[in-house]
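All remarks here apply to the structure that follows.
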Amino acid sequence: MLQIYNTLTRQKEIFKPIHEGKISLYVCGITVYDYCHIGHARVLVAFDVITRFLRSQNWDVNYVRNITDIDDKIINRAKENSEEYTHLTSRFIQAMHEDEKSLEIKRPDIEPRATAYIQEIIDMSKILIEKGHAYAASNGDVYYRVTSFADYGKLTNKNVDELLSGARIEVDEIKEDPRDFVLWKAAKVDEPSWSSPWGNGRPGWHIECSAMSKKCCGDTFDIHGGGPDLPFPHHENEIAQSEAANGRKYVNYWMHAGAVRVDGEKMSKSLGNFFTIRDVLEKYHPEVVRFLLVSSHYRSPINYSEDNLIEARAGLERFYGALRDYADVAPLALSNMQESNYYKAFVEAMNDDFNTRVALAGMYDLVRDLNNAKSDTVLAKNLAAQLKAFGLILGVLQENPEVFLQAGGSDAISAEEIENLIAERIQAKNDKNFARADEIRKSLLVQGVVLEDSKVAGTQWRRE
RNA sequence: GGCGCGAUAGCAAAGCGGUUAUGCUCUGGAUUGCAAAUCCAGUCAGUCCGGUUCGACUCCGGAUCGCGCCUCCA
């Protein structure tokens with residue numbers, strides 16, 4: 001039985017789909033004016049794991065994640081670069097897809113771009129004006145009339161009156177009310193624009209998601225996800241737009257990922273303390289980064305640090321160490337695992353609001369049993385195949401163990417040189433020249449290479 | 001000021017009203033020529049103060065501290 005924590009009700013709820021067996025999932029994606037950072041990676045990985053798991057349980061998931069490809073920051077950045085904004089956005093969309101690929105993040109079923117939904121955005125804005133929820137201002141902007149929507153603030157528990165007294169609302173002669181937010185922005189000179197009933201302009205940020213989700217998921221859909229900083233105002237505004245325009249409930253379950261912190265502070269573009277995915281991958285194996293993100297619950301805040309990455313690597317080394325002799329074993333089909341206690345524990349953990357941490361704990365139990373089973377080949381292969389099946393759902397453990405273990409750390413010494421020294425050491429051992437054998441092992445250790453002698457597999461090595 | 005979240009052993013991080021979380025580290029043992037890896041055993045918890053209860057890390061109240069949102073941000 002699937003349970004999901006719903007931001008709207010602030011509690012875990014038993015999930016009930018709109019249509020039996022189906023889930024429509026819309027996640028707010030990236031505004032493409034720069035490289036993705038680790039905070040983006042967190043959301044991307046979280047919903048990737050969620051969709052992988054849901055599909056493994058035979059849910060028919062329609063996963064939609066948008067791209068915001070028109071926006072102030074995009075226009076400004078393009079100007080700075082003296083670059084066409086479409087050129088800028090396509091560059092960063094491509095970069096995002098590369099980053100996703102390296103982190104084993106599967107592409108959503110639909111990846112709508114705001115600029116491809118201008119007509120839908122205009123249509124929705126028109127309806128909002130007709131219904132009295134929005135108005136065209138004198139300068140060609142269109143604004144949402146916040147006070148016209150009685151439920152405004154229900155997602156984040158905001159009181160509309162108190163929003164007025166909030167300190168940081170700008171005074172604006174154009175708007176009827178300082179709380180009103182923009183649906184359509186009149187174009188300034190030299191800005192990209194589309195024609196509309198209110199003159200040339202471009203969409204506001206919030207209306208994009210209302211329009212795209214309506215087209216891709218329907219008026220009411222199951223799950224809406226996003227990053228930790230989106231509930232207010234973005235998702236609050238989406239609710240106001242969609243429920244006012246469609247006259248129906250917008251979303252049944254709201255899911256928000258936890259923040260990534262650096263030194264206890266939120267990592268964000270506005271604070272400038274962010275690490276791009278690319279930065280991190282220069283130093284760490286992509287699977288280590290993904291494993292770090294999967295290692296904690298998707299809603300808890302996580303601290304980004306070298307220590308945590310090193311720990312993530314240590315955890316992965318334990319898994320890959322256990323899988324070392326089973327490189328050719330394929331993940332077991334889930335249909336063959338229904339009776340497995342490991343599988344039951346895994347599914348139970350994941351059904352409980354996608355508790356990857358508990359799922360992982362069960363996988364470590366499996367590792368211990370696998371290490372104990374090495375003499376029973378049939379059993380061991382079955383356990384290894386189960387472990388890989390869980391890994392497949394979490395998006396880890398699919399690499400050749402030997403390759404993973406030998407890839408870490410510095411590559412000051414080549415694999416060939418290492419192999420040669422190992423051969424020399426084996427000879428020394430055969431000659432009972434342990435002094436020379438230990439000397440070789442020590443010299444390799446200094447270069448970050450650990451040797452492991454095994455009766456069965458001979459001498460194996462890994463980088464630390 | 002408003003809204004919300006959190007405080008768990010050396011570090012990271014979960015569940016649970018009474019029974020081992022888990023990973024890394026540490027200690028002892030097995031194994032090894034010696035190691036490493038692995039296995040077995042073990043040490044180390046629940047910010048503070050009250051309350052409920054036969055019994056609370058787990059529920060309730062309060063305090064303290066930390067964090068997020070309230071402005072573009074995943």
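All chains are named by letter (A, B, ...) in the order of the sequence lines, taking the proteins before the strands, and each is independently numbered beginning at 1.
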Scan every strand shown for a Watson-Crick or G-U wobble partner of [N], both distances under 3.5 Å, and answer none if you come up empty.
{"N": "B:C44", "answer": "none"}
{"N": "B:C59", "answer": "B:G51"}
{"N": "B:G33", "answer": "none"}
{"N": "B:C5", "answer": "B:G66"}
{"N": "B:A74", "answer": "none"}
{"N": "B:U22", "answer": "B:A12"}

Figure out the [atom1]/[atom2] separation between [X] and [N], and round it to whole Å.
{"X": "A:E306", "N": "B:A12", "atom1": "CD", "atom2": "C1'", "value": "16 Å"}
{"X": "A:L163", "N": "B:C69", "atom1": "CG", "atom2": "P", "value": "16 Å"}
{"X": "A:R357", "N": "B:U22", "atom1": "CZ", "atom2": "C1'", "value": "6 Å"}
{"X": "A:Q460", "N": "B:A35", "atom1": "CD", "atom2": "C1'", "value": "15 Å"}

Worksheet item: What residue pairs, at least two apart or across chains, pass ring pair (Phe, Tyr, Trp, His ring centres under 6.0 Å) with a residue in residues 435-458 of chain A?
Response: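 Those involving residues 435-458 of chain A do not exist here.
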For [N] and [M], measure between their [atom1] atoms and round to the nearest Å.
{"N": "B:A9", "M": "B:A63", "atom1": "C1'", "value": "24 Å"}
{"N": "B:G17", "M": "B:U52", "atom1": "C1'", "value": "11 Å"}
{"N": "B:A37", "M": "B:G23", "atom1": "P", "value": "15 Å"}
{"N": "B:C40", "M": "B:C49", "atom1": "C1'", "value": "42 Å"}
{"N": "B:C11", "M": "B:C44", "atom1": "P", "value": "15 Å"}

Worksheet item: For the base of B:C34, is there a side-chain donor-acceptor partner from A:R441 under 3.5 Å away?
Response: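 Yes, a donor-acceptor pair under 3.5 Å.
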Worksheet entry | Salt bridge A:D71-A:R77, side-chain N to carboxylate O under 4.0 Å |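 Salt bridge flag = no for A:R77 with A:D71.
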Discussion item. A:R107: which residues meet the side-chain contact (heavy atoms from CB on, under 4.5 Å) condition with it, sequence neighbours left out?
Written reply: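 A:R107: side-chain contact (heavy atoms from CB on, under 4.5 Å) contacts with A:H97, A:E100, A:E111.
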Worksheet item: Looking only at side chains, do A:E238 and A:Y250 share a donor and an acceptor under 3.5 Å apart?
Response: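 Yes, A:Y250 and A:E238 have a side-chain donor paired with an acceptor closer than 3.5 Å.
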